[in-house]
Amino acid sequence: MLDICLLGTGGMMPLPYRFLTSLMVRYNGHTVMIDCGEATQISARLQGWSFKDIDVLMITHFHADHISGLPGLLLAMGNADRSEPLTIIGPKYIEKVVNSLRVIAPELPFSIKFIEISGTEQTFNLFGLRLKAFKVNHNILCYGYSIELDRKGRFNVEAARALDIPVNYWKVLQNGESVTLDGKTYTSDMVMGEDRKGLKVTYCTDSRPTEQIVENAKGSDLFICEGMYGEKDEESFEKAKNKKHMTMYEAAEMAKEAGVQELWLTHFSPSITKPKAYIEAVREIFPNSIIGKDRITKELKFED
Ligand SMILES: [Zn+2]
Ligand SMILES: [Zn+2]
């Protein structure tokens with residue numbers, strides 16, 4: 001199960017009624033956070049989700065609305081007596097940027113391991129999750145991320161019995177390892193069925209629409225994407241194009257093309273006070289769209 005919370009839905013600046021876009025995902029006692037703008041820790045606190053235990057923090061790009069909350073978050077984690085190391089993944093120079101911000105948070109009771117993304121796509125296997133960064137198209141280097149949880153196939157009891165494999169070795173085979181008994185080797189694929197559908201969440205902000213985003217969003221149970229502007233006029237479209245953002249309709253078109261299960265829009269311009277006003281028009285393109293709301297949550301579960 002993946003436990004998901006969109007901590008904020010704003011772009012550019014936090015507002016009294018709208019925090020900046022950031023995502024928290026919990027799985028099996030581990031926590032992943034994507035982006036940390038100003039005041040993100042307050043939204044996590046309002047949600048009651050502990051940020052003390054964040055294992056991996058992924059930064060999309062170095063614009064203030066996505067990273068300026070980091071020193072405060074690190075200090076709060078330190079004050080909560082965290083001692084386990086923290087992994088931070090981000091674009092080129094992530095270590096330099098974070099260390100510059102840490103001039104005001106120099107002493108922390110935990111270490112930070114940095115992973116600098118190289119190239120246009122990179123995958124990291126951490127804590128049983130597959131985290132993938134993919135380059136998007138913003139006015140500075142920026143990455144989208146997908147978080148995937150794989151699901152193994154079913155264990156074939158009949159096959160294991162037919163092969164006379166003692167029950168106490170079944171678990172080993174279920175874990176993908178091999179067993180050698182009386183000179184005979186049994187491999188996992190002899191008793192395990194095809195991998196089943198896992199879970200996938202894709203997060204993308206800030207960017208123009210791209211083919212690479214569509215490709216990476218494919219197979220997502222949930223696609224969280226920026227929809228900075230909602231007016232359906234030429235002016236909004238030009239603004240999105242020039243500032244390297246996208247409109248809600250462009251996000252919906254990508255969701256449709258990628259065939260995702262559900263779309264959550266986020267990163268609204270401060271000029272949009274009622275993003276919900278655009279929902280009908282968005283749903284004409286992609287029916288299963290939701291206008292993101294601060295601290296909206298969802299539990300993604302494996303299919304039966
Ligand atoms: Zn932004
Ligand atoms: Zn930006």
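Here the structure is a predicted model, which is why all the values come from computation and not from measurement. Atoms considered below: every heavy atom in the structure, side chains included; atoms not considered: hydrogens, waters and symmetry mates. Order of appearance sets the numbers: ligands from 1, and atoms from 1 within every ligand.
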*NZ or CZ of Lys232 within 45° of Tyr278 ring axis and under 6.0 Å*: no
_Any N/O/S atom from His138 (main chain or side chain) under 2.8 Å of the Zn ion (ligand 2)?_
yes
*Could you tell me whether Asp150 and Lys200 make a salt bridge, using a distance below 4.0 angstrom between a side-chain N and a carboxylate O?*
no
_Would you say the rings of His66 and His267 are close, in the sense that their centroids are separated by under 6.0 Å?_
yes
_Output field: ring centroids Trp264/Phe223 closer than 6.0 Å_ = no
*Around the Zn ion (ligand 1), what protein N, O or S atoms are found below 2.8 Å?*
Asp65 OD2, His66 NE2, Asp206 OD2, His267 NE2
*State whether Lys298 and Glu262 are salt-bridged, where the test is any N-O pair (Lys NZ or Arg NE/NH1/NH2 against Asp/Glu carboxylate O) under 4.0 Å.*
yes
*asked:* For Arg151, I'd like to know if atom CZ has over 12 heavy atoms of other residues, nucleotides or ligands within 6.0 Å.
replied: yes
